[in-house]
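Since the structure comes first, as structure tokens, the remarks are kept for the end.
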Amino acid sequence: MLLLLLAAVGLPSSQPWVTQDNYPALALRLHHQGVATVELTVDTQGQLANCRIAISTGWQELDDATCAMIRARARYAPARDDAGQPLAYVYRLRFRWVLPGSQPPTLPPDTELDLNVAAFPKDMVRPIAGLTFIVAPDGKIESCSVPERQSSGSPALDKAGCAAMSKSETFQPALDGDGRPMRFMRVQQVGFTIDRPK
């Protein structure tokens, strides 16, 4: 069984690009399974510029097969800014390799960063928000928003997440096919935790 969990921006999770026949033979023989967290960069033409394993499965053959399948099969459209201009984008997805007959484990939320807050607001629905950034070629955040479907449920918490990230975070620049830094969109899952007194 192979399961694909995608970030908010990107391919629909129902797209059947992987079957059991795609499980690497070496991994089957050695009973290897695991979850790869992959970071993809898609350029303004909708071409995959980079596939990078951000968190390994622990098995090289599974990590290699993950990016190989994405390069061979996935298709993209560029992101768009508020003016409708095409933008490159960077997003993460998790690819879960599960051996035939095994029960897939329940995965915790895939947050890239956890922010401490004094208390959870009463209107919070979940302690996670999907922040969408527009990032300049130098890696600095130009703007941050939280799409409704990615909201924590609390506008104040979402806004605090954007403010904290915009103040403290600089991203590695995304590169075009010629190796030049480019403006891009990035979606990042941020978790919120209560700051416990020490």
Side-chain angles (χ1 to χ4, degrees), residues 4-13 15 17-18 35-57 60 62-96 107 109-115 128-152 158-192:
L4 185 64
L5 306 177
L6 300 179
V9 175
L11 301 169
S13 58
Q15 187 167 349
W17 18 296
V18 182
V35 178
T37 300
V38 182
E39 189 171 277
L40 303 178
T41 302
V42 177
D43 68 18
T44 57
Q45 306 302 311
Q47 301 296 313
L48 181 64
N50 190 31
C51 176
R52 180 181 75 83
I53 301 293
I55 302 172
S56 173
T57 60
Q60 189 66 48
L62 293 179
D63 293 347
D64 292 346
T66 301
C67 275
M69 275 190 291
I70 289 168
R71 284 187 189 99
R73 299 182 184 176
R75 300 295 174 258
Y76 312 89
R80 302 270 172 188
D81 65 14
D82 291 340
Q85 295 300 308
L87 268 181
Y89 63 94
V90 175
Y91 70 98
R92 289 163 62 111
L93 62 85
R94 289 194 289 180
F95 200 105
R96 183 165 45 180
L107 296 177
D110 182 26
T111 58
E112 296 176 63
L113 181 70
D114 289 314
L115 297 175
I128 296 172
L131 309 182
T132 299
F133 302 104
I134 304 295
V135 182
D138 65 1
K140 293 181 181 171
I141 296 171
E142 289 181 7
S143 66
C144 174
S145 63
V146 180
E148 185 177 340
R149 69 185 184 282
Q150 294 294 313
S151 174
S152 67
D158 294 347
K159 185 176 179 181
C162 274
M165 291 294 294
S166 296
K167 185 169 51 173
S168 65
E169 188 76 28
T170 299
F171 293 107
Q172 181 175 350
L175 304 177
D176 65 16
D178 296 324
R180 292 184 304 251
M182 59 186 166
R183 188 171 178 250
F184 66 97
M185 177 185 290
R186 180 182 175 99
V187 174
Q188 180 161 328
Q189 295 290 324
V190 174
F192 300 99

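The shown structure was predicted, so the numbers you read here are calculated from the model rather than taken from an experiment.
- Under the 4.5 Å side-chain criterion, counting only non-hydrogen atoms from C-beta, Leu175 is in contact with Pro181.
- Shown here are the salt bridge (charged side-chain N to carboxylate O under 4.0 Å, His left out) partners of Asp138, two or more places apart in sequence or in another chain: there are none.
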If you apply the rule side-chain contact (heavy atoms from CB on, under 4.5 Å), what do you find for Ile53 with Val38, and how did you get there?
CA-CA 5 Å; Ile53 301 293; Val38 182; 3.9 Å; yes
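- A perpendicular orientation is assigned to the rings of Phe184 and Phe171, their planes being inclined by more than 60° (bins at 30° and 60°).
- Counting heavy atoms from C-beta on, the side chains of Gln150 and Gln189 come closer than 4.5 Å.
- Side-chain contact between Arg52 and Val90 is absent, with no heavy-atom pair separated by less than 4.5 Å.
- Listed for the Asp178 side chain is no donor-acceptor partner under 3.5 Å among the backbone atoms of Arg180.
- When all heavy atoms are compared, the tightest approach of Met165 to Ile141 is O-CD1, 3.5 Å.
- The two residues Val146 and Gly130 make their nearest non-hydrogen contact at CG1-O, 3.7 Å.
- Closest heavy-atom contact between Lys140 and Thr170: N-CG2, 4.2 Å.
- Counting non-hydrogen atoms of neighbouring residues, nucleotides and ligands closer than 6.0 angstrom, the CD atom of Glu142 exceeds 12 such neighbours.
- Residue Arg186 holds its CZ atom at 9.5 Å from CD of Gln172, rounded to the nearest 0.5 Å.
- Annotation: the span from Lys159 atom NZ to Ser151 atom OG amounts to 13.5 Å, rounded to 0.5 Å.
- Across Val135, Thr41, Leu87, a single residue satisfies side-chain contact (heavy atoms from CB on, under 4.5 Å) together with Met182, and that is Thr41.
- Side-chain contact between Ile134 and Arg183: present, with at least one pair of heavy atoms (C-beta onward) separated by less than 4.5 Å.
- Between Ala77 and Tyr89, the shortest heavy-atom distance links the atoms O-CE2, 3.2 Å.
- Of the inter-residue distances, the one linking Cys51 atom SG with Met69 atom CE reads 10.5 Å to the nearest 0.5 angstrom.
- One distance of note links SG of Cys67 with CG of Leu48; it measures 8.0 Å at 0.5 Å rounding.
- Listed by chain and residue number, Asp63 satisfy the side-chain hydrogen bond (donor to acceptor under 3.5 Å, both in side chains) test with Thr57 (two or more places apart in sequence, or in another chain).
- Here the straight-line distance linking atom CG of Leu40 with atom CG of Leu93 works out to 5.0 Å at 0.5 Å rounding.
- Here the shortest heavy-atom pairing between Gly46 and Tyr76 reads O-CB, 3.5 Å.
- Nearest heavy-atom pair, Pro173 versus Gly139, reported as atom, atom and distance to 0.1 Å: CG-N, 4.4 Å.
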